[in-house]
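FYI, side chains are in, hydrogens and waters are out, and symmetry mates aren't considered; it's all heavy atoms of this structure. Both ligands and their constituent atoms are indexed starting at 1 by order of listing.
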Amino acid sequence: MIRFHNVTKMYPPKTMAVKNVTLEIGQGEFVSLVGTSGAGKTTLAKLLIAQERPTVGKIYAGDFEVTRLRRGELPFFRRQIGVVFQDFKLLNKKTVFENVAFALEVCGAPPKRIEQVVPAVLNIVGLGNKLTNFPYELSGGEQQRVVIARALVHQPKVIIADEPTGNLDSINAQDVIDVLLKINGFGTTVILVTHNREIVNGLKKRVVLMHQGEIMSDKAKG
Ligand code: ADP
């Protein structure tokens with residue numbers, strides 16, 4: 001489903017962020033990508049969504065060869081992958097509903113579809129009762145679940161969440177992880193970038209450990 005083949009990413013002048021990585025992730029897997037800061041985790045995620053291009057190597061996702069996508073194909077490709085990155089903030093002047101709807105509006109979705117999809121994805125993340133609230137009225141964990149809902153609007157085959165629990169206390173963090181597990185239960189592949197040991201240990205799912213750009217270990221039930 002997802003395949004990195006001998007991928008190296010060099011940032012100028014000479015940072016080897018990712019070093020000769022070969023990795024396969026099957027449809028429906030839940031994979032935690034762990035490692036200390038600077039290990040190359042975010043770079044790997046950015047390579048997968050074609051936000052960065054590898055210096056060497058090939059990346060495949062579903063029917064796409066990510067490394068050969070043309071600019072015009074990117075929007076379509078990116079709809080297949082839901083992204084939850086820390087710097088994707090909510091719009092403070094928009095309600096929860098409007099924040100999620102916005103992701104559909106920018107793609108030209110008709111109002112009828114928006115009316116259908118937005119409450120559905122907010123129900124999935126357990127926020128069906130907060131449609132008219134504003135982000136500042138929500139806890140950090142709830143805000144992060146809105147971000148996840150927004151990533152779900154195009155029914156992606158893959159969700160990549162980069163440190164989604166980064167700023168959360170352990171109860172809110174667990175709520176976010178439970179939502180990711182639920183989405184995974186629908187058959188969506190989940191890639192969770194984290195350095196939260198407690199969460200990874202609790203998951204008992206596949207763990208890929210990166211260090212200085214390389215994959216140091218890959219355990220089925222880490
Ligand atoms: P992680 O997500 O594991 O913390 P990153 O992928 O963010 O690691 O970073 C891997 C390495 O690449 C680090 O040394 C980092 O400083 C470097 N790096 C990341 N992004 C850039 C960039 N845009 N330009 C230059 N160096 C970068």
Side-chain angles (χ1 to χ4, degrees), residues 1-25 29-61 64-69 71 74 77-78 80-89 140-141 143-144 147-148 150-151 156 158-170 172-173 176-177 179-180 183-184 189-203 205-220 222:
M1 161 73 213
I2 293 170
R3 203 159 94 87
F4 285 76
H5 187 74
N6 296 123
V7 172
T8 291
K9 174 66 183 178
M10 194 84 154
Y11 288 113
K14 55 180 176 121
T15 304
M16 279 266 237
V18 169
K19 243 185 255 179
N20 199 28
V21 161
T22 292
L23 177 68
E24 267 182 53
I25 296 173
E29 275 199 77
F30 191 119
V31 182
S32 301
L33 187 56
V34 305
T36 50
S37 180
K41 308 180 296 295
T42 300
T43 301
L44 208 66
K46 286 181 174 169
L47 288 167
L48 179 58
I49 59 167
Q51 192 176 323
E52 293 287 355
R53 299 257 170 183
T55 315
V56 183
K58 290 185 172 168
I59 301 166
Y60 304 89
F64 297 90
E65 182 174 341
V66 181
T67 32
R68 293 185 67 160
L69 289 172
R71 195 174 288 269
L74 285 178
F77 167 69
R78 291 207 178 120
Q80 321 257 330
I81 302 188
V83 175
V84 182
F85 278 8
Q86 272 190 334
D87 47 358
F88 283 19
K89 296 280 185 282
Q143 290 181 24
Q144 193 60 285
V147 176
I148 295 173
R150 194 172 55 182
V158 182
I159 287 270
I160 307 180
D162 193 352
E163 296 284 5
T165 61
N167 303 316
L168 305 178
D169 61 44
S170 61
N172 270 305
V176 165
I177 296 303
V179 165
L180 292 176
I183 295 164
N184 180 241
T189 308
V190 175
I191 302 174
L192 169 66
V193 176
T194 183
H195 57 234
N196 188 322
R197 191 175 290 265
E198 197 186 330
I199 280 172
V200 173
N201 289 342
L203 281 166
K205 299 214 180 252
R206 183 174 172 194
V207 180
V208 173
L209 169 67
M210 287 187 80
H211 183 64
Q212 295 182 350
E214 293 180 278
I215 292 182
M216 302 303 285
S217 76
D218 185 346
K219 294 195 175 129

Given Leu192, Ile148, Val176, the one that forms side chain to side chain contact (heavy atoms under 4.5 Å, CB included) with Val84 |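 Between Val84 and the candidates, side chain to side chain contact (heavy atoms under 4.5 Å, CB included) is satisfied uniquely by Ile148.
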
Do me a favour and list the nearest non-hydrogen protein atom to [atom] with residue, atom name and distance?
atom: atom 12 (O) of ligand 1; value: Ala17 CB, 3.4 Å
atom: atom 17 (C) of ligand 1; value: Thr15 CG2, 3.8 Å
atom: atom 23 (N) of ligand 1; value: Tyr11 CE2, 3.6 Å
atom: atom 8 (O) of ligand 1; value: Gly40 N, 3.1 Å

Is any N or O atom of Glu52, backbone or side chain, closer than 3.5 Å to an N or O atom of ligand 1?
->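 Glu52 vs ligand 1: no N/O contact under 3.5 Å.
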
Does an N or O from Gly38, backbone or side chain, lie closer than 3.5 Å to an N or O of ligand 1?
->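 Yes - when backbone and side-chain N and O of Gly38 are compared with those of ligand 1, one distance drops under 3.5 Å.
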
Heavy atom of Gly35 under 4.0 Å from ligand 1?
->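 No, Gly35 has no heavy atoms under 4.0 Å from ligand 1.
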
Criterion side-chain contact (heavy atoms from CB on, under 4.5 Å) on Leu44 and Met210, from CA distance to verdict | CA-CA 10 Å; Leu44 208 66; Met210 287 187 80; 3.9 Å; yes

Can you name the atoms of ligand 1, numbered from 1 with element, that are less than 4.0 Å from a heavy atom of [X]?
X: Ala39; value: 1 (P), 3 (O), 8 (O)
X: Thr43; value: 5 (P), 6 (O), 9 (O)
X: Thr36; value: 3 (O)

Step-by-step salt bridge (charged side-chain N to carboxylate O under 4.0 Å, His left out) determination, Asp218 to Arg206 | CA-CA 7 Å; Asp218 185 346; Arg206 183 174 172 194; 2.8 Å; yes

Expected output: side-chain Lys9 to main-chain Arg53 donor-acceptor under 3.5 Å =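 Yes.
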
Got a donor-acceptor contact below 3.5 angstrom from the Thr194 side chain to the Asn196 backbone?
->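 Indeed, once roles are kept as given, a pair shorter than 3.5 Å links the two residues.
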
Any protein heavy atom < 4.0 Å from atom 27 (C) of ligand 1 =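 Protein heavy atom within 4.0 Å of atom 27 (C) of ligand 1: present.
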
Sub-4.0 Å protein heavy atom near atom 1 (P) of ligand 1 |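 Under 4.0 Å from atom 1 (P) of ligand 1, at least one protein heavy atom found.
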
Do we see a donor-acceptor contact under 3.5 Å between the side chains of Thr8 and Asn20?
->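 No, no side-chain donor-acceptor pair sits under 3.5 Å.
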
Glu65, CD atom: more than 12 neighbouring heavy atoms under 6.0 Å |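 Yes.
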
Flag yes if more than 12 heavy atoms outside Met1 fall under 6.0 Å of its CE atom; otherwise flag no.
->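 Yes, CE of Met1 has more than 12 neighbouring heavy atoms, counting only those of other groups under 6.0 Å.
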
If you measure from OG on Ser32 to CG on Leu180, what distance do you get to the nearest 0.5 Å?
->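 Answer for the OG-CG pair, Ser32 versus Leu180, is 9.5 Å.
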
Give the contacting part of Thr42 toward ligand 1: side chain, backbone, both or neither, where contact means a heavy-atom distance below 4.0 Å.
->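 Both backbone and side chain of Thr42 come within 4.0 Å of ligand 1.
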
